[in-house]
Amino acid sequence: MAEAASGVKKKADALYSVAVIGLGPIGSAACLHLSAHYSVTPRGEGQSSSVVAIGAPEPADLTTHLGVFGSHYDEGRLTRIVDKNPVWSKLAARSIASYGESEQESGIQFHSSVGSLRVTPFYKQPTDSLLEAFAVGKENGAAVELLEDGDALMKRFPYLHFQEKDAGIMEHGGAGYVNPRAMIRAQLAVAAKHGACIVPEGVVAIDMTADGVNITTDAGKVLSASKVLICADAYTNLLLPGQDLVLHTYLVSVLLAEIGDEEEMTLQGMPSIIWRLESHPYLHSVYLCPPIRYPDGKLYIKIGGTEWEPVLASSTKEITDWFHDENGRQVETDALHDTLQTLLPQISFKSFHRKPCMVTYTSHNYPYIQAVDVKPHWEDSQLYVATGGCGAAAKSAYEIGHIGALLVSNGQWNYDLDEHLFKAVYVQQDSGQGTSSSQRYNV
C-alpha cells in the first residue's frame, strides 16, 4: 500500500499532465507514447511539462542496494512472434515492427535480428504446442520454417546437440533479442525529445487529492500530476492507495557463460533459443541468448529456465534478500549449467556467473492495464496501472506501453484487443487461484 502522508504537506515542486512511475521496459515505452501525444496538446496553466517519468535507476551494487530492483539489468532478452498465445504473439509482432523507429529516432541500437529457434521433444503429441505456435506466429506475420527432426536441426546448427526426436521452429525476420538496458535508454531518449521530463529517483509515496496526485521521491521531491500510470511490476501494490492487485513474483536466476573469440566464431549465426526439456527433474524449459558482449568487455551466452516449482517471494524483503544473495539456489544454477553443457558440448567455457532475477505474473497471464481508482465516471480517473510482465513483456513492452498510454490519454479503452484481457484482478477477487503452471509454461 502507498505510504500515508503525515504532517504538513509540501507544495509540489512541479506540475504535469501525466506521470509515469517505473522506468523499466513498459514504463519507458508508455512515457514515449504519452510524450508523443502530449507534445501536440497544450500544457495546462503552471505546468512544467506535460509528461514526467519517475523511477529508480539501476543500482551500482546489487548486493548492498536497499531500494527497489528490476529484472531488466541485462544485455539480452528474447524477442519473437512465434507463440501459442495469439495475444502475446500480436503484441510482440507490433512491438518488433516498431523497434526500428525507436532506434532511428533515439540513435540507440538495441535490437539484434539473429532469429529465434523453438525446440520440443514432444512434436505432434497432444500436450505439445509447437504446431499451434507455428500457426499463430504465421498468422501474425512471422517468417517461419519447420525443422521436423533432430537431423534437420543438426544440419542447420551443427554446434547444438538436440535429441533425435526433437523438432523445431526457426523464425527469421525481426526475431532474435533486444538489449533491455539500451531499449529503455532509447525509449526515454525519444520521450525526452518530445518534451518529457525524466526523474531518475525512486517513488516512496503517492497522495491522491481532488486536484491531482502528489508523488514524493526518495530524494524529497514532490511532483504533482493530473493522472498517474504505475508501471512498477513487483512493487506496484506498495503505491496503490486501495486494494492490492493479485501479483505473484518468482525469484529466479540466470547463468552467464563466458566464451572466447574463437568460440564466438564457432557459434556465428546462433539464434536465440527456447528448448522444452524432456523429463528434467527441475526445469520445464530453458531459453538462451547467443554470445553477447557485456559492459565488462567479455562475451557471454545467457541461459535461464522455467522451474517446475518456482520460488515465490512473499514480501519485498525477500526480493531484496534475493538480489543481495550472490549464490542463489545451487540446484537451479547446476541445472542451468548442466543443460548448457549438454546443448553445447563442443564449446569451452572460460567462466560462469550466476545473476539474480525476478518474474512477476498476474492472475490471468496478461498485464493489468486499467484505471484503479474506481471513479464514478471514467473521465475522472486519476490512477492507472500497466503492470505485470508475466515473463514475456520485454519484447512486447513497446505495445504494452502504447496500450497504457492510450488508456491514460483517452480516459477510456481505445484498442483493438478486448479490455477484459487486461482487467485488474484484486486479491479478494482471485479466490487464491493465482497463476497456473499451464499459464507460466508458455513455450
Side-chain angles (χ1 to χ4, degrees), residues 78 80 82-85 88-89 115-137 142 144-171 175 177 250 252-255 257 267 270-290 301-311 328-347 349 352 354 357 359 361 365 390-392 435-443:
L78 275 60
R80 57 188 166 83
V82 167
D83 198 303
K84 70 177 181 180
N85 185 303
W88 280 112
S89 179
S116 173
L117 179 64
R118 178 189 182 110
V119 177
T120 176
F122 304 112
Y123 181 48
K124 291 186 177 179
Q125 294 186 23
T127 58
D128 193 63
S129 61
L130 190 76
L131 291 176
E132 184 181 2
F134 182 90
V136 171
V144 290
E145 62 175 311
L146 194 59
L147 304 172
E148 296 198 66
D149 54 41
D151 286 342
L153 287 166
M154 185 172 295
K155 287 176 183 176
R156 180 66 63 86
F157 308 104
Y159 46 82
L160 297 176
H161 183 71
F162 292 113
Q163 301 177 72
E164 184 177 341
K165 63 180 177 180
D166 279 338
I169 300 170
M170 182 61 198
E171 180 181 349
Y177 67 89
Y250 297 99
V252 299
S253 296
V254 299
L255 190 66
L267 299 174
M270 178 179 170
S272 62
I273 298 170
I274 295 175
W275 184 22
R276 185 174 175 185
L277 304 178
E278 182 179 27
S279 304
H280 195 285
Y282 191 81
L283 296 170
H284 169 274
S285 57
V286 294
Y287 65 89
L288 291 88
C289 283
I301 294 172
K302 188 184 83 169
I303 182 171
T306 300
E307 301 162 85
W308 288 111
E309 297 181 4
V311 176
R329 297 184 293 275
Q330 193 61 46
V331 63
E332 180 184 26
T333 304
D334 288 346
L336 294 172
H337 174 276
D338 294 347
T339 303
L340 182 62
Q341 296 275 25
T342 297
L343 185 61
L344 294 167
Q346 299 175 359
I347 299 301
F349 296 102
F352 296 91
R354 172 259 169 198
C357 193
V359 187
Y361 285 84
N365 201 36
C390 303
T435 304
S436 71
S437 61
S438 63
Q439 289 174 317
R440 285 188 289 107
Y441 303 147
N442 189 26
V443 297

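- Not one N or O on the side chain of S285 forms a donor-acceptor pair closer than 3.5 Å with the backbone of G305.
- Residues D128 and R276 meet the side-chain proximity criterion, which asks for heavy atoms closer than 4.5 Å.
- Judged by distance alone, with hydrogens and angles left aside, the side-chain atoms of S89 form no donor-acceptor pair with the main-chain N or O of N85 at under 3.5 Å.
- Of all heavy-atom pairs spanning M170 and P271, the tightest one is CE-CB, 3.9 Å.
- Separation of atoms OH (Y287) and CD1 (I273) is listed at 13.0 Å; rounding is to 0.5 Å.
- Separation of atoms CZ (F122) and NZ (K165) is listed at 6.5 Å; rounding is to 0.5 Å.
- Counting heavy atoms from C-beta on, the side chains of D338 and Y282 never come closer than 4.5 Å.
- In plain terms, the two heavy atoms of C390 and Y361 that are nearest each other are O-CE2, 3.2 Å.
- Of all non-hydrogen atoms in L336 and S253, the two that sit nearest each other are CD1-O, 3.8 Å.
- Residue H280 qualifies as enclosed at atom NE2: its count of foreign heavy atoms under 6.0 Å is above 12.
- Within the 4.5 Å cutoff, the side chain of V136 has no heavy atoms near those of the K84 side chain.
- Residues C289 and M270 share a closest heavy-atom pair of O-CE, 4.4 Å.
- Under a 3.5 Å cut-off, the side chain of E171 and the backbone N or O of V82 do form a donor-acceptor pair.
- At a threshold of 4.5 Å between non-hydrogen side-chain atoms, the residues F162 and M154 do not count as touching.
- No option in L344, L255, V286 other than V286 meets the side-chain contact (heavy atoms from CB on, under 4.5 Å) test with T339.
- Between L131 and L146 there is a side-chain heavy-atom pair separated by less than 4.5 Å.
- In this structure, CG on L160 lies 12.5 Å from OG1 on T342, to the nearest 0.5 angstrom.
- L283 is listed as a side-chain neighbour of E307, based on a closest heavy-atom distance under 4.5 Å.
- Side-chain contact between L153 and L117: present, with at least one pair of heavy atoms (C-beta onward) separated by less than 4.5 Å.
- To the nearest 0.5 Å, atom CD of residue E148 and atom CD1 of residue I169 are 10.5 Å apart.
- The distance from the CG atom of D151 to the CG atom of D166 is 11.5 Å, given to the nearest 0.5 Å.
- The distance from atom CZ of R354 to atom NE2 of H337, rounded to the nearest 0.5 Å, is 15.5 Å.
- For the residue pair A152 and L147, the shortest heavy atom distance occurs at CB-CB, 4.2 Å.
- Pairing each heavy atom of W308 with each of H284, the nearest pair is CH2-CD2, 3.5 Å.
- Counting heavy atoms from C-beta outward, L267 and I301 have side chains that approach closer than 4.5 Å.
- Other residues, nucleotides and ligands place no more than 12 heavy atoms under 6.0 Å from the CD atom of E164.
- Below 30°, between 30° and 60°, or above 60°: for F352 and F349 the angle between ring planes is between 30° and 60°, a tilted geometry.
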